[in-house]
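Worksheet for the structure shown next.
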Amino acid sequence: MEAKEFWSFVIGKKKEIDLLREKIPAALSECIDPARFVMEAISEVFPVDKRGNEGGSDLAWACVLILESLIPVVVDPVIGKSRILVTPSMKEQAKEIAETWKKSLEERGGIENVKTPDVHTFLQHLVTFGIVKKEDLEFYRKLVVASAWRKQMPKLAVSLGLGDQMPDMIEELISKGQQLDAVHFTYEVGLVDKFPPVPLLKSFLRDAKKAASSILDDPNNSGRAAQLAARKEQSALRAVIKCIEEYKLEAEFPPENLKKRLEQLEKTKTEKRKPVVVPANKRTRVNNGGPMPPAKAGRLTNAYVSSFPAPPPFVRSPSHTQYPAPVPGYPSPPPMYGSRSPPTNPYAYSPEAAPPPLAGSYPGAPMNYPAYGGYGNGLAPAYQQAYYR
């Protein structure tokens, strides 16, 4: 298929990304010029997104996938990654694309305003085509640190020639409160002894606790403070638990207490979502706003439930909205009732069961919500100290 058709095929198969990662290299190896084919395929969104403001969803994932899949196709089978089998003309075109992206970065306000997926695509482009420039290493370092949370960033940093700068980069991440990202970088370059992971993970959780407390204290978030603080805590717990399992740190940092706390927060969140049941005697008529009989009116011995249509318009309803006992009986009913005599007091419901006037304030039913993860009474959520010691 043509490059554009191939691109449309890939972006339509996002749910099968693992299968694509397995099959695309073999497909690219059948191309006459794989490098040209790939550059044409991703040209719609890289180096500049040509879709404009109506571009829709981010497609950087597809660019990265295709660029990664090209590496085994263009790597020298004998020498390895140090030699990329790309024609000189295609390598020059790849360099031009990289320069175009850098210029667009300046137009978008610099590194601080660029999206991480775009950074990932650019760095993968450099590595795939072997066009890394030593004079741009400081620029690459800034891009990597700014997007350090991306899973592939540690490997890309090494491929970009930043291995010698890793200790300084890890310290920079720690100083910015990105201890979790620092852990991934330490394992990539074998600096675990210099930067032990468990203290970093515990420090990350403590910082998350402080952030949750600051959310509770923020007057601008008074209505959602508990929810936002709990979400912050849940996110930190999940990330740390995943990191413990990935690097086999269970012996040094048992995750059981963290998992229990996470389950407690998720259970509280589920309970908060339960709908509130409105009592049956609070129902009102839709047509005229008057009181509506209880749903189980048939259980009342003195309740009169008529199966006939509503009375004619000339029969006036009482002007009052509450019916204290006793209420004077209505005049004799019209002949439409037949031989059956209506009750002397058609509104003989219990005064306590009648709803209050609509013009007044409706007394809300008491709702006893459970305490939200320890956030009740305006207190900040408390981590169990056993989590972090």
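Taking Glu92 as the reference, Lys95 meet the side-chain contact (heavy atoms from CB on, under 4.5 Å) condition, with sequence neighbours excluded.
Nearest heavy atoms, Val10 versus Ala62: CG1-CB, 4.2 Å. Nearest heavy atoms, Gln165 versus Arg141: OE1-CD, 3.1 Å. The two residues Ala182 and Ile174 have their closest heavy-atom pair at CB-CG1, 3.8 Å.
For Glu245 and Lys259, the salt-bridge test passes: some basic side-chain N is under 4.0 Å from an acidic carboxylate O. No salt bridge links Asp181 with Lys176; every basic N to acidic carboxylate O contact stays at or beyond 4.0 Å. Looking at Lys209 and Glu233, no side-chain N of the basic residue comes within less than 4.0 Å of a carboxylate O on the acidic one, giving no salt bridge. A salt bridge does not link Lys202 to Glu252: none of the charged nitrogens lies less than 4.0 Å from a carboxylate oxygen. Salt bridge annotation for Asp118-Lys115: absent, with no cationic side-chain nitrogen under 4.0 angstrom from a carboxylate oxygen.
When side chains are defined from C-beta on, Phe129 does not count as touching Met90, because their heavy atoms never get closer than 4.5 Å. A 4.5 Å side-chain heavy-atom check between Leu85 and Val75 finds every atom pair outside the cut-off. Side chains of Lys194 and Pro167 form a contact here, defined as non-hydrogen atoms less than 4.5 Å apart. Looking only at side-chain heavy atoms (C-beta outward), Tyr187 and Pro154 stay at 4.5 Å or farther from each other. The closest side-chain heavy-atom distance from Thr121 to Trp101 is not below 4.5 Å. The closest side-chain heavy-atom distance from His184 to Met153 is not below 4.5 Å. Looking only at side-chain heavy atoms (C-beta outward), Ile131 and Lys91 come within less than 4.5 Å of each other.
Not a single donor-acceptor pair under 3.5 Å links the side chain of Tyr247 to the backbone N or O of Val183.
In this structure, Lys102 forms a cation-pi arrangement with Phe139, its terminal cationic atom sitting closer than 6.0 Å to the ring centre and no more than 45° off the ring axis.
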Please step through side-chain contact (heavy atoms from CB on, under 4.5 Å) for the pair Glu138 and Leu162, ending with a clear verdict.
CA-CA 9 Å; Glu138 184 61 27; Leu162 297 174; over 6 Å; no
Step-by-step side-chain contact (heavy atoms from CB on, under 4.5 Å) determination, Trp61 to Ile17:
CA-CA 10 Å; Trp61 66 269; Ile17 191 170; 4.0 Å; yes
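Of the residues Val144, Val158, Thr186, the one that meets the side chain to side chain contact (heavy atoms under 4.5 Å, CB included) test with Met166 is Val158.
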